[in-house]
Amino acid sequence: MLDFVKKAKWDAWSSLGSLSKDNARQKYVDLVSSLVSSESSSQVKDTTPDSKHGYETLQVTTTDNITKIMLNRPEKKNAITTQMYREIIQALEEAAKDDSVITVITGNGDYYCSGNDLNNFTNIPSGGIEKMAKDGAVLLENFVKHFIDFPKPLIAVVNGPAVGISVTLLGLFDIVYATDRATFHTPFSELGQSPEGCSSYMFPKIMGLSKANEMLLFNKKLTAGEAYAQGLVTEVFPDWTFEKEVWIRLKAYANLPKNSLALSKQLIRGVEKEKLHAVNCQECELLRERWLSDECMNAIMSFFGKKSKL
Ligand SMILES: CCCCCCC/C=C/C(=O)SCCNC(=O)CCNC(=O)[C@H](O)C(C)(C)COP(=O)(O)OP(=O)(O)OC[C@H]1O[C@@H](n2cnc3c(N)ncnc32)[C@H](O)[C@@H]1OP(=O)(O)O
């Protein structure tokens with residue numbers, strides 16, 4: 001009477017009535033198997049990326065507290081079309097509000113991004129090229145604004161070469177991890193254009209005036225090692241371990257307290273925000289003029305005539 005465990009076993013066995021030992025054993029095995037499989041399927045569900053639909057140029061997923069925005073035009077080296085600018089804006093707005101702790105931007109394929117899709121300048125609307133330049137400047141200013149104002153830690157996972165606006169924006173990221181295969185190229189004078197993404201302010205601040213001038217005025221393409229030495233890149237990883245090492249690191253970061261990270265980021269970035277918005281506005285105004293210049297048009301025609309490549 002006083003051995004409660006044995007009594008519970010005896011009662012359980014009695015309640016099964018005439019069930020044979022073999023049948024009882026089988027029922028027990030079935031029950032445990034069903035518990036194990038429901039447990040493992042619920043674990044799979046927890047880590048399956050929550051894939052966001054409705055994007056044509058991006059793949060957007062949230063898993064392990066990380067929203068990953070992947071540029072997804074690998075056959076065009078992830079060049080950014082007007083549709084992609086709009087989709088990135090939308091993805092950033094959603095990531096700002098979702099449950100994730102950090103947000104990552106990366107590229108699909110061998111390139112991180114080849115910059116602005118030069119076809120953006122060939123679809124002339126009915127209002128003519130002035131209208132095209134005006135609309136382009138409005139879109140660009142809004143696009144960059146979303147990076148300036150992004151409230152959570154924003155991390156670039158630079159999986160290959162980066163060109164143009166995909167490089168200039170890096171000054172607005174909180175961390176930049178790069179494969180040793182990555183290069184960083186801002187060939188604005190070669191294209192008859194001028195810097196954007198707040199790089200005219202952030203690059204001199206990050207790397208000093210003369211190094212910034214080599215990149216922004218004289219088109220110097222940096223290796224990943226050089227970009228790291230100049231402070232544009234946080235850390236460089238060998239290409240063969242890049243994805244593995246970076247994602248292990250990011251998953252650990254994404255376990256940190258969400259509000260603490262967001263508030264600290266706002267403290268660090270807050271003092272510069274007004275300045276950055278003013279710089280963004282000036283850069284877009286100058287670009288609007290540059291896009292109407294012969295220098296810019298000749299560079300674009302030369303690319304499509306396959307006469308030039310960066
Ligand atoms: C409306 C808002 C406007 C905001 C503008 C903001 C200002 C932004 C400025 C910039 O970003 S400036 C930088 C612009 N980028 C370029 O000039 C790069 C041009 N591309 C190249 O020089 C080369 O493609 C490359 C990147 C060096 C790669 O060369 P590779 O030989 O390895 O590949 P390709 O065969 O050339 O490329 C494959 C395929 O992709 C097309 N493509 C690549 N990049 C672009 C691009 N930026 N714009 C349009 N198309 C691009 C390339 O033409 C190939 O297409 P197909 O021939 O296969 O059809």
Side-chain angles (χ1 to χ4, degrees), residues 69-71 74 76-80 102 104-118 144 147-148 153-250 253 268-269 272 276 279-280 283 287 299 303 308-310:
I69 301 171
M70 183 187 265
L71 312 181
K76 297 288 180 187
K77 311 290 179 194
N78 298 320
I80 311 179
I102 61 175
V104 171
I105 297 191
T106 190
N108 190 7
D110 61 342
Y111 256 65
Y112 174 62
C113 174
S114 64
N116 184 49
D117 189 311
L118 297 173
V144 174
F147 285 81
I148 298 172
L154 185 61
I155 291 148
V157 171
V158 184
N159 56 298
V163 183
I165 187 160
S166 69
V167 178
T168 55
L169 281 174
L170 293 176
L172 300 175
F173 283 72
D174 302 301
I175 280 184
V176 179
Y177 289 142
T179 160
D180 58 8
R181 223 170 34 78
T183 51
F184 299 83
H185 196 191
T186 50
F188 299 122
S189 1
E190 217 168 314
L191 295 167
Q193 299 188 39
S194 50
E196 79 300 279
C198 293
S199 59
S200 62
Y201 176 68
M202 289 304 292
F203 277 25
K205 201 172 147 74
I206 291 170
M207 58 186 79
L209 196 54
S210 68
K211 293 292 182 191
N213 286 341
E214 276 193 309
M215 282 191 85
L216 296 177
L217 298 183
F218 300 112
N219 313 312
K220 183 174 179 190
K221 189 197 282 190
L222 300 190
T223 62
E226 288 167 336
Y228 168 72
Q230 290 172 22
L232 186 61
V233 165
T234 315
E235 193 167 337
V236 180
F237 298 80
D239 195 51
W240 62 283
T241 53
F242 176 61
E243 291 288 336
K244 193 169 165 234
E245 281 195 54
V246 161
W247 287 101
I248 288 174
R249 183 108 39 116
L250 293 178
Y253 291 166
I268 295 165
R269 291 279 180 181
E272 291 276 52
L276 290 172
V279 170
N280 182 25
E283 288 178 343
L287 266 175
F303 174 74
S308 79
K309 227 176 228 192
L310 297 173

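Quick note: numbers below take in every heavy atom, side chains included, and nothing from hydrogens, waters or symmetry partners.
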Checklist entry - Can F242 and V157 be said to form a side chain to side chain contact (heavy atoms under 4.5 Å, CB included), step by step? => result CA-CA 9 Å; F242 176 61; V157 171; 3.5 Å; yes

Next on the checklist: Has E226 got a side-chain atom pairing as donor or acceptor with T223's backbone, closer than 3.5 angstrom?
Outcome noted: yes

Item to check | ring pair (Phe, Tyr, Trp, His ring centres under 6.0 Å) against F147, all qualifying residues, sequence neighbours excluded | outcome: F143, F173

Item to check | Reported CG-to-OG1 distance for the pair L170 and T186, which is rounded to 0.5 angstrom | outcome: 10.5 Å

Checklist entry - Looking at V104 and W247, what are the two nearest heavy atoms and their distance? => result CG1-CH2, 3.7 Å

Checklist outcome for this item: Separation between OG (S199) and CG (L216), nearest 0.5 Å, reads 4.5 Å

Checklist outcome for this item: Y177 meets the ring pair (Phe, Tyr, Trp, His ring centres under 6.0 Å) criterion, sequence neighbours left out, with F237

Checklist entry - Under 3.5 Å, side chain of R181 to main-chain N/O of D110, donor-acceptor pair present? => result yes

Checklist entry - Checking H185 side chain against N219 main chain: does a donor-acceptor pair fall under 3.5 Å? => result yes

Checklist entry - Roughly how far, to the nearest 0.5 Å, is OG1 of T234 from OH of Y228? => result 9.0 Å

Item to check | Closest approach of P204 to A212 (non-hydrogen atoms, all atoms of both residues) | outcome: N-CB, 3.6 Å

Item to check | Side-chain heavy-atom pair V158, T106 within 4.5 angstrom cut-off | outcome: no

Item to check | Derivation of the side chain to side chain contact (heavy atoms under 4.5 Å, CB included) call for V176 and E235 | outcome: CA-CA 7 Å; V176 179; E235 193 167 337; over 6 Å; no

Checklist entry - Got a donor-acceptor contact below 3.5 angstrom from the S200 side chain to the P195 backbone? => result no

Checklist entry - Closest approach of F218 and S189, non-hydrogen atoms and distance? => result N-OG, 4.4 Å

Checklist entry - Hey, mind stepping through L222 and M215 against side chain to side chain contact (heavy atoms under 4.5 Å, CB included) and telling me if it holds? => result CA-CA 8 Å; L222 300 190; M215 282 191 85; 3.6 Å; yes

Item to check | Point-to-point distance, once rounded to the nearest 0.5 Å, from OG1 of T179 to CG of D239 | outcome: 3.5 Å

Item to check | Atom pair CD1/CD1 of I102 and I175 - distance to nearest 0.5 Å | outcome: 8.0 Å

Checklist entry - Under the side chain to side chain donor-acceptor pair (under 3.5 Å) rule, what pairs show up with a residue in residues 202-218, not counting sequence neighbours? => result K205-E272

Item to check | Donor-acceptor contact below 3.5 Å, side chain Q230 vs main chain I206 | outcome: no

Checklist entry - Donor-acceptor pair, N78 side chain versus N108 backbone, under 3.5 Å? => result yes

Next on the checklist: Checking V163 against C113 for the side chain to side chain contact (heavy atoms under 4.5 Å, CB included) test, could you report, in this order, the C-alpha distance in whole Å, the side-chain angles of both residues, the deciding distance, and whether it holds?
Outcome noted: CA-CA 6 Å; V163 183; C113 174; over 6 Å; no

Item to check | For S194, all residues meeting side-chain contact (heavy atoms from CB on, under 4.5 Å), sequence neighbours excluded | outcome: L286, L287, R290

Checklist outcome for this item: d(L276 CG, I148 CD1) to nearest 0.5 Å is 5.0 Å

Checklist entry - Counting N and O atoms only, with roles assigned by atom type, does the side chain of N159 sit under 3.5 Å from a partner on the main chain of G109, one being a donor and the other an acceptor? => result yes

Checklist outcome for this item: Contacts satisfying side chain to side chain donor-acceptor pair (under 3.5 Å) that involve residues 160-175 (not counting sequence neighbours) are T168-E196, D174-K265, D174-R269

Item to check | Pairwise side-chain contact, I105 with Y112, heavy-atom cut-off 4.5 Å (strictly under) | outcome: yes

Checklist outcome for this item: Residues at least two apart in sequence or cross-chain that pass side-chain contact (heavy atoms from CB on, under 4.5 Å) with T183, listed by chain then number, are P161, K221

